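Here is the structure we will look at, set down as structure tokens.
Computed from a prediction, not measured in an experiment: that's the story for all the values here. Each chain gets a letter, A, B and so on, in the order its sequence line appears, and its residues count up from 1.
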Amino acid sequence: VSSRGSSLVNGKLVHFRRPVPSPAEAVSDDALVSSCAEGDNDALAELFRRHGHRVYRILARLSGVAKRDVDDLVQTTFIEVGRAASKFAGRAAVGTWIIGIALNVMRHHVRREVQRDALVADAELLDARIASRPDEDAARKQLMLRVQRALAELPEEMQLAFSMCELEGIKGVEVARLLGMREGTLWRKLHEARLHLRAAVEAGEAE
Amino acid sequence: VSWRTVAPVSLGGCPAGWELSRAFLEGGRGDLTAHLDSCRRCAAEWRSLGRARAAVRALPRPSMSEETFDFIETRLRLGYAAPRAVLPARPEALPRRRPVAAILLTCSIAAVVALVWIRSGGPGKSASDASTSWASIRAVGDTSFSRATLPDDVVHLESGTLELDVGPAQAGRRFRIMTDDAVVESAESRFSVEAEGHMLVAVRVFAGYAEVRARGGHALLRAGDEWVHQGPHAAVETGDVAPSPPSRRAEPAPRPASFERAWRLLNAGNAADAADAFRDVEAKSRGDAIEEDALFWRGVSLERAGKPADARAVLLRFTARFPHSERIGEASAMLGWLLLEAGDTDEARRAFERAEDDKVDRVRASARSGLARLGR
């Protein structure tokens, strides 16, 4: 992780000595949570360093969350991680527990405000990003657009299940626990999601 | 319905769709693999699901910007949002109904503050050393600074170099070095800060880390990093009144990332987008200091974006909603000029009069200049 703050106006950052590697590298996630519970901010920052990107990706993929809010949601998630650290019982992996907190933060946020205009703008922006990719041919771009829209059409719970299982490689049993459903139900929902996406893929192939 | 759809896989039946989905992700089904070798229908289904999966994986992968990552990491590391549950109880909490003890304690605190003030040489004088139990400061050569230790430890550096050794963050307390244009914040670190003419010149971190915030930007410096000021300290230009950046304020709460994004847009010259971004921040932060800041800077952004009517409306709302704001003078003077341009001389006069006695020189000067233009 770079420590450069590229936005620092009128300033230049230079190294006058090689940075010392973080001693936290060798510490387990569980030990970091314990340290957090005792008020160790460095431990909390280290948990963010390890799990922040995944939390970001899961939240950013949800069509019900405006992209401009994702940064704030990630920050809030880790503040909550610090607050809840003393209650961590170790029943789930720390990464899964953090995602659970992120989902609670996200649900609270979505309940509080529905930003339809922002969501439409996000979808349009995503379409434009795909359409402008120079490394894909026209047919492939069309396919990606269809899949993107099909994903956004899924209910939030299915988007989450798909994102966590398929794209983040989290085990089904953990995702089922996070989403408060039986594992069998999760697999059935995932299959429904996959059929929906397959229809989007095959719609283009039939044209 | 054929027997294959109802018989278990072990007896040659076809797996349910969800079983295929699960096998896709978690594998470990030798019986399924064998079945796929012998059943063309299921093999076709498997390939088809595989294509859908590949299509999804080809979508752009969202990623957090390095800037956002640094921003959040810094705040967590500095404990801006330290969980209240883990803060130790106040060790000297006084029982109620003991006003004498309270007065004595207040006097003691005042004495300590005064002592530190005297030791540091007061404002505008050189000092060689000033320490508390958690932070020691050594002034190099002819350095001018002042220090207040309660409630937070804040050092105002005017010129020269300070070498600092700050202990672990204390419950609810922060350690900051402030110049007119920047704030340096740290805990459990050894670093030096250099300033000239009340402006930050350089920060070097020898151990730990320090955060530098200047004009809305920020940088997290680790051991071995040095931040050096480059180029002249350009003034913020906003018509006749140059608003001071948010970092000069007392910072009652950390600003959300969305605020920092808006602030960066404004500093990058993208005033129209900045105005939209500040509007979003404002909408999400009802009734707090963030809303106050966001509303003010939205007005500034609109003015810079060449939207005087919108800027007037926003600044009018600001002055009505936050009449006791630290920025009321700045907002009023800016509003005065906008009203003057629009030909509303009566309202412009009232706005300038509100700013006439502001504590900031340039705001007073702007207001008086406006009143002079109106013939006073």
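In terms of heavy-atom proximity, B:Ala52 sits nearest to A:Val201 at CA-CG2, 3.9 Å.
Summarising the geometry, atom CZ belonging to B:Arg53 is positioned 12.0 Å from atom CG belonging to A:Leu197; distances are rounded to the nearest 0.5 Å. The CD atom of B:Glu73 sits 12.0 Å away from the CG atom of A:Asn41 when rounded to the nearest 0.5 Å.
Contact count versus chain B (heavy atoms, under 4.5 Å) is highest, among A:Leu190, A:Asp40, A:Leu195, A:Leu167, for A:Leu167. For the set A:Glu183, A:Glu192, A:Lys189, the count of heavy-atom pairs under 4.5 angstrom toward chain B peaks at A:Glu183.
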> What's the verdict on side chain to side chain contact (heavy atoms under 4.5 Å, CB included) for A:Arg198 and B:Val56, showing C-alpha distance, side-chain angles and the deciding distance?
Replying inline: CA-CA 10 Å; A:Arg198 184 176 71 177; B:Val56 172; over 6 Å; no
>> With side chain to side chain contact (heavy atoms under 4.5 Å, CB included) as the criterion, how do A:Ile79 and B:Leu76 come out once you've worked through the C-alpha distance, each side chain's angles and the decisive distance to 0.1 Å?
In response: CA-CA 7 Å; A:Ile79 289 169; B:Leu76 295 173; 4.2 Å; yes
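At least one side-chain heavy atom of A:Asp42 sits under 4.5 Å from a side-chain heavy atom of B:Tyr209. For the pair B:Trp18/A:Leu186, no side-chain contact is recorded, criterion being any heavy-atom separation below 4.5 Å from C-beta on. Side-chain atoms of A:Arg61 and B:Pro62, non-hydrogen and from C-beta on, do get closer than 4.5 Å to each other. Between B:Arg51 and A:Glu202, the closest side-chain pair of non-hydrogen atoms falls below 4.5 Å.
Remark: aromatic rings of A:Phe48 and B:Phe69 are close, center separation under 6.0 Å.
Salt bridge absent: B:Glu19 and A:Arg188 never bring a charged side-chain N and a carboxylate O closer than 4.0 Å.
Considering A:Asp71, A:Val70, A:Asp72 as possible partners of B:Ser258, the one that fulfils the side chain to side chain contact (heavy atoms under 4.5 Å, CB included) test is A:Asp72.
In this structure, the portions of A:Lys171 lying under 4.5 Å from any heavy atom of chain B include both its backbone and its side chain.
More than 12 non-hydrogen atoms from other residues, nucleotides or ligands lie less than 6.0 angstrom from CZ of B:Arg57.
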